[in-house]
Amino acid sequence: MKKQPDFFEQIYEVVKLIPKGRVTSYGSIAKFLSSAKSSRVVGYAMNACRQVDPTIPAHRVVNRNGLLTGKMHFSSPTKMEELLSAEGVKVEGDQIKSFPDVFWDPTIELL
DNA sequence: GCGTTGACGAGGA
DNA sequence: GTCCTCGCCAACG
């Protein structure tokens, strides 16, 4: 029996493949899964990732603006930027510095 | 079964 | 360049 739809598993797998110190966007993951329009669903999966697999580095997933939109969903609102900062990702406020520099696109790296 | 919400993205003004 | 609107898919009430 499946605990979660394959859709979610796919997302989690990609997120867990994100190298340390790198980040990606919801849209890129969605696009990698052949559903660029399902970017919102990717974010929803992240929200559920905690109950599925808390080891998922959801903090490495941000929106296309490099903004930590989901930081409020973490244990603490500051947990996300702390984790990113600890991995070498410069974060100012809620936005990632040098976003294109730390950006990791599964459609390019994994392909 | 219907309507609303949501960690988004792209397009248009 | 910024701001607003629409779309898209899945889950929740």
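Order of the sequence lines sets the chain letters (A, B, ...), proteins ahead of strands, with each chain counted from 1.
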- Task: Could you list by number each residue of residues 37-44 of chain A showing a heavy-atom separation from DNA chain C of less than 4.0 Å, or answer none if no residue does?
- Result: A:K37, A:S38, A:R40, A:V41, A:Y44
- Tell me what A:N47 touches on the nucleic acid: a base, only sugar-phosphate, or nothing, going by heavy atoms under 4.0 Å. base
- Contact class for A:A36 (heavy atom, under 4.0 Å): base, sugar-phosphate, or nothing? nothing
Rounded off to whole Å, could you give me the [atom1]-to-[atom2] distance for the [X] and [N] pair?
X	N	atom1	atom2	value
A:L33	C:dC9	CG	P	14 Å
A:I11	C:dC9	CD1	C1'	10 Å
A:N65	C:dG1	CG	C1'	13 Å

- For a side-chain hydrogen bond (donor to acceptor under 3.5 Å, both in side chains) with A:H59, tell me which candidate from A:K79, A:E81, A:E87, A:E82 qualifies. A:E87
- Indicate yes or no: at least one non-hydrogen side-chain atom of A:L17 is less than 4.5 angstrom from one of A:W104. yes
- Query: What are the 5'-most and 3'-most nucleotides of DNA chain B lying under 4.0 Å from any heavy atom of chain A?
  - Reply: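 Here the contact window of chain A covers B:dG6 to B:dA10.
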- Message: Using the rule that Ile, Leu, Val, Met, Phe, Trp and Tyr join whenever any side-chain heavy atoms are under 4.5 Å apart, tell me whether A:F103 and A:V15 fall into a single cluster.
- Response: no
- Message: Assigning hydrophobic clusters by single linkage (Ile, Leu, Val, Met, Phe, Trp, Tyr; side-chain heavy-atom cutoff under 4.5 Å), is A:I56 placed with A:Y44?
- Response: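 Both belong to a single hydrophobic cluster.
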Look at the side chain of [X] and the backbone N and O of [Y], then say whether any donor-acceptor pair between them is shorter than 3.5 Å.
X	Y	result
A:Y12	A:A45	yes
A:R60	A:I18	yes
A:R64	A:T24	no

- Query: Which heavy atom of A:V62 sits nearest a heavy atom of A:F99, and at what distance?
  - Reply: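 Between these two residues, the closest heavy atoms are CG2-CE1, 3.6 Å.
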